[in-house]
Engineer: 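Next up is a structure, given as structure tokens.
To find a chain, count down the sequence lines: A is the first, B the second, and so on, and within it residues start at 1. Just so it is clear, the structure is predicted and the values come from calculations on it, not from any experiment. Any value given below was found using the heavy atoms of this structure, including those in side chains, with hydrogens, waters and symmetry copies removed.
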Protein chains: 2
Amino acid sequence: MAQADFILGEFKRKLDERYRLSIPTEFVESLTEQGEELILVKERPGCLSLWNSNQWQGKLDAGVNLVRAKIEAGKLAGRVAEVQLLGRLLSTRQRQIKLAAKNRLSIPEGFREFLKAEPDSELMITGAAVCVEIWRHDAWLSSLEENIPQFQGLLDQLSG
Amino acid sequence: MAQADFILGEFKRKLDERYRLSIPTEFVESLTEQGEELILVKERPGCLSLWNSNQWQGKLDAGVNLVRAKIEAGKLAGRVAEVQLLGRLLSTRQRQIKLAAKNRLSIPEGFREFLKAEPDSELMITGAAVCVEIWRHDAWLSSLEENIPQFQGLLDQLSG
DNA sequence: TCTTATTTGGGCTGGTTTCCCAGTTGCAGT
DNA sequence: ACTGCAACTGGGAAACCAGCCCAAATAAGA
């Protein structure tokens with residue numbers, strides 16, 4: 001996996017009647033070595049994201065460990081309900097998956113409802129720099145409309 | 001590539017049934033050394049622009065590379081969502097491509113819809129000083145009608 | 001007019017993507 | 001525990017598409 005490079009590009013794919021779709025080889029190669037597991041995540045509505053395990057763990061562990069440490073230190077004693085919620089979200093939000101032959105991903109129950117994609121519908125698979133995202137087509141369009149104008153500002157902000 | 005010279009001229013070309021068209025040698029030579037990659041960009045409706053990678057770098061990649069470097073250094077760990085958004089926008093807006101033999105460009109899926117050009121339709125390929133643009137014929141005409149009157153003013157403004 | 005270069009059209013091939021079928025697993029009801 | 005239904009998995013086959021190449025047609029130049 002070429003860690004340094006951004007994952008970029010967009011592809012249209014069709015969900016088959018068994019809720020499976022094939023991920024472009026290009027993306028699979030930038031995400032993972034052959035055979036490795038991937039992490040499928042519910043990050044934003046109308047979209048599922050696909051991460052390299054290690055990268056995702058790094059991103060997640062950083063935050064979770066902090067919380068854990070705080071709990072140990074008794075600093076979150078009064079906020080048990082919130083910690084519980086966090087735990088609940090951690091449970092449903094992500095799942096380890098493995099691609100089948102021909103880079104085929106079968107979207108698990110639970111993630112289907114979240115994506116709200118019907119069998120036979122068109123999906124957009126796009127590179128999002130650090131991960132790959134699978135969008136319901138209409139959600140993709142509206143997300144673009146909303147965010148394209150901010151492009152330059154965002155770039156300035158991140159690079160500045 | 002003659003960096004100093006403006007790229008000028010216009011040519012009519014036909015999109016074949018496989019969404020391919022040949023770029024005039026003259027343009028290819030001013031854009032790039034043989035074999036180099038080019039950047040295809042959705043900049044304005046009805047039109048795709050074709051840039052030299054390095055020149056595009058000046059406009060944009062400089063910033064993008066900065067972001068990339070920052071990520072490597074772990075400086076954007078807390079702003080992954082923004083990086084993702086940036087990646088998403090980069091994915092749809094631009095794409096690295098390579099010309100096939102005979103300077104033939106095949107317009108990728110995704111850019112076809114943006115250009116809204118049917119197979120067998122007429123396209124205008126025009127020099128735009130710093131890049132080459134590929135216009136749907138009708139979009140070209142209306143863009144001309146709109147902008148020609150401003151020519152003198154623009155020239156004065158830029159030279160003054 | 002003849003030669004050369006450019007543009008356009010189409011064939012072929014190998015890799016992707018989609019479709020289809022069969023075996024398997026898991027669950028529920030009897 | 002057995003049976004039947006439904007969902008999931010896997011693999012093969014067909015369809016599709018992009019890239020590579022060649023050849024005809026057209027334009028340009030000598």
Engineer: Can you run down the ring-ring contact (aromatic ring centres under 6.0 Å, His included) pairs that involve residues 29-63 of chain B, sequence neighbours left out, and say none if there aren't any?
Structural biologist: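 Residue pairs passing ring-ring contact (aromatic ring centres under 6.0 Å, His included), neighbours aside: B:Trp51-B:Trp56.
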Engineer: Please tell me if the side chains of B:Leu89 and A:Leu144 come closer than 4.5 Å, counting only heavy atoms from C-beta onward.
Structural biologist: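 A side-chain contact under 4.5 Å exists here.
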Engineer: Strictly below 4.0 Å, heavy-atom distances to any atom of DNA chain C: list the hits from residues 102-118 of chain A, or just say none.
Structural biologist: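 Residues of residues 102-118 of chain A that come under 4.0 Å of DNA chain C are, in numerical order, A:Lys102, A:Arg104.
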Engineer: State which residues pass side chain to side chain contact (heavy atoms under 4.5 Å, CB included) with A:Thr25; sequence neighbours excluded, sorted by chain then number.
Structural biologist: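 A:Thr25: side chain to side chain contact (heavy atoms under 4.5 Å, CB included) contacts with A:Asn103.
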Engineer: Could you list by number each residue of residues 11-20 of chain A showing a heavy-atom separation from DNA chain C of less than 4.0 Å, or answer none if no residue does?
Structural biologist: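 Output list: A:Arg13, A:Lys14, A:Arg20.
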Engineer: On DNA chain D, which is the earliest and which the latest nucleotide, 5' to 3', with an atom closer than 4.0 Å to a heavy atom of chain B?
Structural biologist: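 From 5' to 3', the first and last contacting nucleotides are D:dA18 to D:dC21.
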Engineer: Whole angstroms only, please: what is the CD1-C1' distance between B:Ile23 and C:dT6?
Structural biologist: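 Going from CD1 in B:Ile23 over to C1' in C:dT6 covers 13 Å.
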Engineer: List in chain and number order the residues that pass side-chain hydrogen bond (donor to acceptor under 3.5 Å, both in side chains) with B:Asn147, two or more places apart in sequence or in another chain; answer none if no residue qualifies.
Structural biologist: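 Per chain and number, B:Asn147 pairs via side-chain hydrogen bond (donor to acceptor under 3.5 Å, both in side chains) with no residue.
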Engineer: Using atom CZ of B:Phe27 as one end and atom C1' of C:dT7 as the other, report the distance to the nearest whole Å.
Structural biologist: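 Roughly 15 Å, once rounded to whole Å.
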Engineer: Could I get the full list of side chain to side chain contact (heavy atoms under 4.5 Å, CB included) partners for B:Glu145, not counting sequence neighbours?
Structural biologist: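 Counting only residues at least two positions away or on another chain, B:Glu145 forms no side chain to side chain contact (heavy atoms under 4.5 Å, CB included).
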Engineer: Going by side-chain hydrogen bond (donor to acceptor under 3.5 Å, both in side chains), name the residues that satisfy it together with A:Asp138, two or more places apart in sequence or in a different chain.
Structural biologist: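 A:Arg136.
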Engineer: Whether B:Thr25 contacts C:dA5 is assessed here as follows: a side-chain N or O lying under 4.0 Å from the phosphate OP1 or OP2. Is that the case?
Structural biologist: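 Checking B:Thr25 against C:dA5: no side-chain N or O falls below 4.0 Å of OP1 or OP2.
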Engineer: Could you list the cluster mates of B:Phe151? Members are the ILVMFWY residues connected by side-chain heavy atoms closer than 4.5 Å, either directly or through other members.
Structural biologist: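 Result for B:Phe151 is B:Leu155.
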Engineer: With A:Glu72, which residues qualify under side chain to side chain contact (heavy atoms under 4.5 Å, CB included), at least two apart?
Structural biologist: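 None.
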Engineer: Applying side-chain hydrogen bond (donor to acceptor under 3.5 Å, both in side chains), can you list everything that pairs with A:Arg68, at least two apart in sequence or on another chain?
Structural biologist: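 With sequence neighbours excluded, A:Arg68 shows a side-chain hydrogen bond (donor to acceptor under 3.5 Å, both in side chains) to A:Asn65, given in chain and number order.
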Engineer: Residues in side chain to side chain contact (heavy atoms under 4.5 Å, CB included) with B:Pro119, at least two apart?
Structural biologist: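 With neighbours one apart ignored, the set is B:Glu17, B:Tyr19.
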